[in-house]
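Before any comments, here is the structure.
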Amino acid sequence: MLRTLLSPRILGLHLLTIGVLIAFILLGRWQLGVFQDSGKPHAATDPAPVTVATLAGVGTQMDGEAVGRRVTAQGVYEAGRQLLVADRKPDVDAPGGNVSRDEGYWVLTPLRLDDGTLIPVVRGWTAKPDDPAVAVVPQGQVAVTGRLRPQQGTDSVQRRSQGLPAGQVQTVSTGELVNLWSGQRVRTGYVVAQPASGSLAPVQVNPPVVGGTFTWRNLAYAANWWIFAGFAVFMWFHFVRDAVRADRDRGKSSPEMVLEG
């Protein structure tokens, strides 16, 4: 049997089967990777900027398609209502709260639009609450460009157990801002200014994304390649078994031929 398994013909079959298996397995993994990537969120088309009032209403939920959109706003900053969003990194997608304890602050200033409503604007980021740049708020009529973000739930971060100093909040929650800016009509969500205001550091914010759609066809292709690999093993076993049986039968018949001679 060992002589049969190591014969040149069967050795060639071994090598061919190994090559086919490696190729089919890799092709299956490639198709599986294509399938997995198809379900990941990806960047959507980035439409031209629109006025913030068209996407952020008062007392209404924000449409999911509005998240990350470029917007413009014209109005006057109300420096007296400015707040600091504590425990924040200069990236809107980075976790806040105790996870980012003492990492920095977003500078949140309401912009009063021409219709009298307020839209919260993250003008930038600072490492320290007493940074002189925080107090430098543009005066008079200003034009702000940036990306729109949905409000943050008050339970979306792990809060400090001892609370925050006056003038600081943990999240940009419309409900909380309505209470802090009492008597004001506050629009849902907030704008991350691009570029940042004054000498404040910019806060990173990504363009809109859309959820991926799984291409099940690629998953079927992956399964097909692996089925082919299994079939290749079956055929290898079939040919090797037949070769071993044939050599065994020839070995049994050889003594009879000698006796007859």
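- The CD atom of Gln204 lies 13.5 Å from the CH2 atom of Trp125; values are rounded to the nearest 0.5 Å.
- For the pair Arg123 (side chain) and Val107 (backbone), a donor-acceptor distance under 3.5 Å is absent.
- The salt bridge (charged side-chain N to carboxylate O under 4.0 Å, His left out) pairs that include a residue from residues 226-243 number zero, where partners must be two or more places apart or lie in different chains.
- Contacts of Val50 classified as side chain to side chain contact (heavy atoms under 4.5 Å, CB included), with partners at least two apart in sequence or in another chain: Thr54, Leu55, Arg69, Val71.
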Donor-acceptor pairs under 3.5 Å, side chain of residues 25-32 to any protein atom, not counting sequence neighbours: which ones?
| unit_1 | atom_1 | unit_2 | atom_2 | d |
| --- | --- | --- | --- | --- |
| Gln31 | OE1 | Asn218 | ND2 | 2.8 |

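- Nearest heavy atom pair, residue Ile10 against residue Ala243, reads CD1-CB, 3.8 Å.
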Checklist entry - Hey, mind stepping through Arg149 and Val172 against side-chain contact (heavy atoms from CB on, under 4.5 Å) and telling me if it holds? => result CA-CA 10 Å; Arg149 296 290 300 180; Val172 187; over 6 Å; no

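- Taking each heavy atom of Gly96 and Val157 in turn, the nearest pair found is C-CG1, 3.8 Å.
- In this structure, CG in Leu219 is found 10.0 Å from CG in Asn224, a value given to the nearest 0.5 Å.
- When the side chains of ILVMFWY residues are joined at heavy-atom separations under 4.5 Å, either directly or via intervening members, Leu83 and Val186 end up in a single hydrophobic cluster.
- Taking CG of Leu16 as the start and CG of Leu11 as the end, the distance is 12.5 Å to the nearest 0.5 Å.
- Residues Val122 and Val76 do not share a hydrophobic cluster, defined by chaining ILVMFWY side chains whose heavy atoms lie under 4.5 Å apart.
- For the pair Val92 and Gln152, the minimum side-chain heavy-atom distance is 4.5 Å or more.
- The closest side-chain heavy-atom distance from Leu113 to Arg185 is not below 4.5 Å.
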Checklist entry - Run the side-chain contact (heavy atoms from CB on, under 4.5 Å) check on Thr215 and Tyr221 step by step: do they pass? => result CA-CA 10 Å; Thr215 54; Tyr221 289 161; over 6 Å; no

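- The distance from atom OG1 of Thr109 to atom OH of Tyr190, rounded to the nearest 0.5 Å, is 14.0 Å.
- A chain of hydrophobic side-chain contacts below 4.5 Å, direct or via other Ile, Leu, Val, Met, Phe, Trp or Tyr residues, connects Val85 to Val178.
- Under the 4.5 Å side-chain heavy-atom criterion for ILVMFWY residues, a single connected hydrophobic cluster contains both Val203 and Val169.
- Side-chain contact between Phe35 and Arg217 is absent, with no heavy-atom pair separated by less than 4.5 Å.
- Among all heavy-atom pairs drawn from Ala56 and Thr188, the shortest one is CB-O, 3.3 Å.
- Ring pair Trp225/Phe228 is perpendicular by interplanar angle, where above 60° counts as perpendicular and below 30° as parallel.
- The two residues Arg70 and Pro47 come nearest to each other via the heavy atoms NH2-O, 2.9 Å.
- Between Gln184 and Arg112, some side-chain heavy-atom pair lies under the 4.5 Å cut-off.
- One distance of note links OG1 of Thr17 with CZ of Phe234; it measures 13.0 Å at 0.5 Å rounding.
- Under a hydrophobic-cluster definition in which Ile, Leu, Val, Met, Phe, Trp and Tyr are linked whenever side-chain heavy atoms come within less than 4.5 Å, directly or via other members, Phe237 and Val233 are assigned to different clusters.
- Taking the side chain as every heavy atom from C-beta outward, Leu177 and Leu108 approach each other to under 4.5 Å.
- Pro120 is not listed as a side-chain neighbour of Trp106, based on a closest heavy-atom distance of 4.5 Å or more.
- With values rounded to the nearest 0.5 angstrom, Lys128 atom NZ is found 11.0 Å from Tyr105 atom OH.
- Within the 3.5 Å criterion, the main-chain N or O of Asp87 finds no donor-acceptor partner in the side chain of Arg101.
- In plain terms, the two heavy atoms of Pro110 and Arg81 that are nearest each other are CG-CB, 3.6 Å.
- Gln194 is linked by a side chain to side chain contact (heavy atoms under 4.5 Å, CB included) to Arg147, Val205, counting only residues two or more places apart in sequence or in another chain.
- Contact annotation: the side chain of Gln82 never approaches that of Val121 to less than 4.5 Å [non-hydrogen atoms, C-beta and beyond].
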Checklist entry - For Thr72 and Val52, what are the C-alpha separation, side-chain angles and deciding distance, and is it a side-chain contact (heavy atoms from CB on, under 4.5 Å)? => result CA-CA 6 Å; Thr72 61; Val52 69; over 6 Å; no

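- Annotation: side chain to side chain contact (heavy atoms under 4.5 Å, CB included) contacts of Asp114 (sequence neighbours excluded): Gln141.
- Under the 4.5 Å side-chain criterion, counting only non-hydrogen atoms from C-beta, Asp93 is in contact with Asn206.
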Can you give me every donor-acceptor pair (side chain of residues 129-139, partner residue at least two apart or in another chain, under 3.5 Å) with its distance?
| unit_1 | atom_1 | unit_2 | atom_2 | d |
| --- | --- | --- | --- | --- |
| Asp131 | OD1 | Ala133 | N | 3.0 |
| Asp131 | OD2 | Thr126 | OG1 | 2.9 |
| Gln139 | NE2 | Val137 | O | 2.8 |

Checklist entry - Can Asp115 and Arg187 be said to form a side-chain contact (heavy atoms from CB on, under 4.5 Å), step by step? => result CA-CA 11 Å; Asp115 62 1; Arg187 292 187 176 272; 2.6 Å; yes

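- Nearest approach of Leu111 to Gly75, heavy atoms of both residues: CD1-C, 3.5 Å.
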